[in-house]
J.: 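Structure in structure tokens, see below.
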Amino acid sequence: MKKVLFAVFIILLTIAQNVSAQPHFSYQVHVQDRGWLNTVGNNQATGTTGQGRRLEAIRINSNMVRYCAHVEKIGWQNWVSGGQIAGTMKRGLRMEAIRIQLIGDAARHFDIYYRVHVQSYGWTGWVKNGEMAGTTGRNLRMEAIQINLVPKRPPHHHNPPPPPPRR
């Protein structure tokens with residue numbers, strides 16, 4: 001009996017560690033006249049500010065994330081994932097907005113927050129889970145981005161209201 005309880009304990013501990021472990025992801029941006037910048041990790045900003053350089057492309061190195069870019073003269077591109085490129089390269093087109101979503105189990109256990117630095121505006125507020133960061137229809141370039149993956153907060157458990165009385 002002790003061996004069975006010990007085995008159950010080990011299994012539960014392993015499951016708890018896997019659920020609470022912070023998944024690894026990294027991302028990289030392609031900047032006007034600079035090319036691909038160094039890869040960064042969770043909650044690190046990348047790109048440029050105060051230099052008047054546009055973000056042209058991004059790749060997020062993770063299979064738990066999908067993302068799409070709004071690009072000058074193109075509009076919204078299709079969703080991509082797994083390190084694929086969103087945006088364009090060698091075409092001189094600016095990224096204007098982005099959406100980022102978690103997929104699979106990651107979406108149940110984490111939220112993905114992100115913000116962008118926009119030409120003539122500065123850093124936007126944080127958005128999350130597929131919401132748009134940046135602008136569309138205003139001809140403003142994204143210049144930098146910061147992405148932060150955080151564990152979901154436990155939901156508040158409230159007792160449901162009692163059923164209505166029977167008549």
Side-chain angles (χ1 to χ4, degrees), residues 18-156 158:
N18 288 338
V19 168
S20 64
Q22 182 85 355
H24 174 73
F25 81 101
S26 61
Y27 51 105
Q28 187 177 26
V29 295
H30 190 274
V31 175
Q32 171 188 0
D33 299 328
R34 293 277 177 91
W36 288 105
L37 299 187
N38 290 335
T39 300
V40 298
N42 193 43
N43 205 25
Q44 294 180 304
T46 186
T48 61
T49 60
Q51 297 181 25
R53 298 180 192 277
R54 66 184 168 264
L55 288 189
E56 296 178 335
I58 186 170
R59 57 180 161 213
I60 302 175
N61 301 308
S62 172
N63 289 325
M64 65 180 190
V65 177
R66 72 180 196 151
Y67 45 101
C68 64
H70 187 277
V71 177
E72 165 189 13
K73 298 180 182 174
I74 295 173
W76 285 106
Q77 295 179 314
N78 292 330
W79 291 92
V80 296
S81 63
Q84 293 176 304
I85 294 172
T88 63
M89 294 173 22
K90 300 180 182 179
R91 293 182 56 189
L93 300 176
R94 68 181 167 266
M95 284 181 56
E96 298 175 334
I98 190 166
R99 289 187 168 122
I100 306 172
Q101 276 185 335
L102 293 167
I103 53 179
D105 283 343
R108 288 199 315 262
H109 301 291
F110 295 90
D111 287 313
I112 191 153
Y113 289 84
Y114 45 101
R115 64 183 185 151
V116 297
H117 192 276
V118 175
Q119 166 190 356
S120 303
Y121 181 81
W123 285 103
T124 63
W126 290 95
V127 297
K128 69 176 186 171
N129 301 336
E131 297 172 340
M132 184 185 82
T135 64
T136 60
R138 299 188 55 203
N139 299 321
L140 298 174
R141 68 182 169 266
M142 286 174 43
E143 298 176 333
I145 187 168
Q146 183 177 11
I147 305 172
N148 190 14
L149 181 69
V150 297
K152 282 190 185 287
R153 295 182 180 185
H156 298 290
H158 298 289

J.: List the atom of A69, the atom of A86, and the distance in Å for their closest heavy-atom pair.
T.: CB-CB, 4.1 Å
J.: Once rounded to the nearest 0.5 Å, what's the spacing between atom CD of Q77 and atom CD1 of I98?
T.: 10.0 Å
J.: If we ignore angles and hydrogens, is there a donor and acceptor under 3.5 Å between the side chains of N139 and E72?
T.: no
J.: In sequence, state the C-alpha distance, the side-chain angles, and the governing distance for I100 and I145, and then conclude on side chain to side chain contact (heavy atoms under 4.5 Å, CB included).
T.: CA-CA 12 Å; I100 306 172; I145 187 168; 4.3 Å; yes
J.: Hey, what do you get for OH (Y67) to CD1 (I60), rounding to the nearest 0.5 Å?
T.: 5.5 Å
J.: Do the side chain of Y114 and the main chain of E131 share a donor and acceptor less than 3.5 angstrom apart?
T.: yes
J.: Let's go through W126 and N148 carefully: what are the C-alpha distance in whole Å and the side-chain angles of both, what is the deciding distance for side chain to side chain contact (heavy atoms under 4.5 Å, CB included) to 0.1 Å, and is it a yes or a no?
T.: CA-CA 9 Å; W126 290 95; N148 190 14; 4.1 Å; yes
J.: How many angstroms lie between CD in Q28 and CD1 in I85, if you round to the nearest 0.5 Å?
T.: 9.0 Å
J.: When rounded to the nearest 0.5 angstrom, what distance separates CD1 in I147 from CD in Q44?
T.: 11.0 Å
J.: I need the single residue from R54, R94, R53 that forms a side-chain hydrogen bond (donor to acceptor under 3.5 Å, both in side chains) with Q32. Which is it?
T.: R54
J.: Where do T136 and A97 come nearest, in terms of heavy atoms and distance?
T.: CG2-CB, 4.1 Å
J.: Only one of V31, T39, V40 passes side chain to side chain contact (heavy atoms under 4.5 Å, CB included) with T46; say which it is.
T.: V40
J.: With side chain to side chain contact (heavy atoms under 4.5 Å, CB included) as the criterion, how do M64 and L149 come out once you've worked through the C-alpha distance, each side chain's angles and the decisive distance to 0.1 Å?
T.: CA-CA 11 Å; M64 65 180 190; L149 181 69; 3.3 Å; yes
J.: Quick one: CH2 on W123 to CD on Q146, what's the gap to the nearest 0.5 Å?
T.: 5.5 Å
J.: Closest approach of T124 and G134, non-hydrogen atoms and distance?
T.: CG2-N, 4.5 Å
J.: To the nearest 0.5 Å, how far apart are OG in S62 and CG in L102?
T.: 8.0 Å
J.: So do K152 and H109 actually touch side chain to side chain, heavy atoms under 4.5 Å?
T.: no
J.: Specify the closest pair of heavy atoms between Y27 and A45, including all atoms of both residues, with the distance to one decimal.
T.: OH-N, 4.4 Å
J.: For T88, does its backbone N or O pair with a side-chain atom of E56 as donor and acceptor, under 3.5 Å?
T.: no
J.: For Q119 and R141, indicate whether the former's side chain and the latter's backbone hold a donor-acceptor pair under 3.5 Å.
T.: yes
J.: Indicate the atoms forming the closest heavy-atom contact of F25 with N42, along with that distance.
T.: CE2-OD1, 3.2 Å
J.: List the steps and the verdict of side chain to side chain contact (heavy atoms under 4.5 Å, CB included) for I74 and R91.
T.: CA-CA 11 Å; I74 295 173; R91 293 182 56 189; 3.9 Å; yes
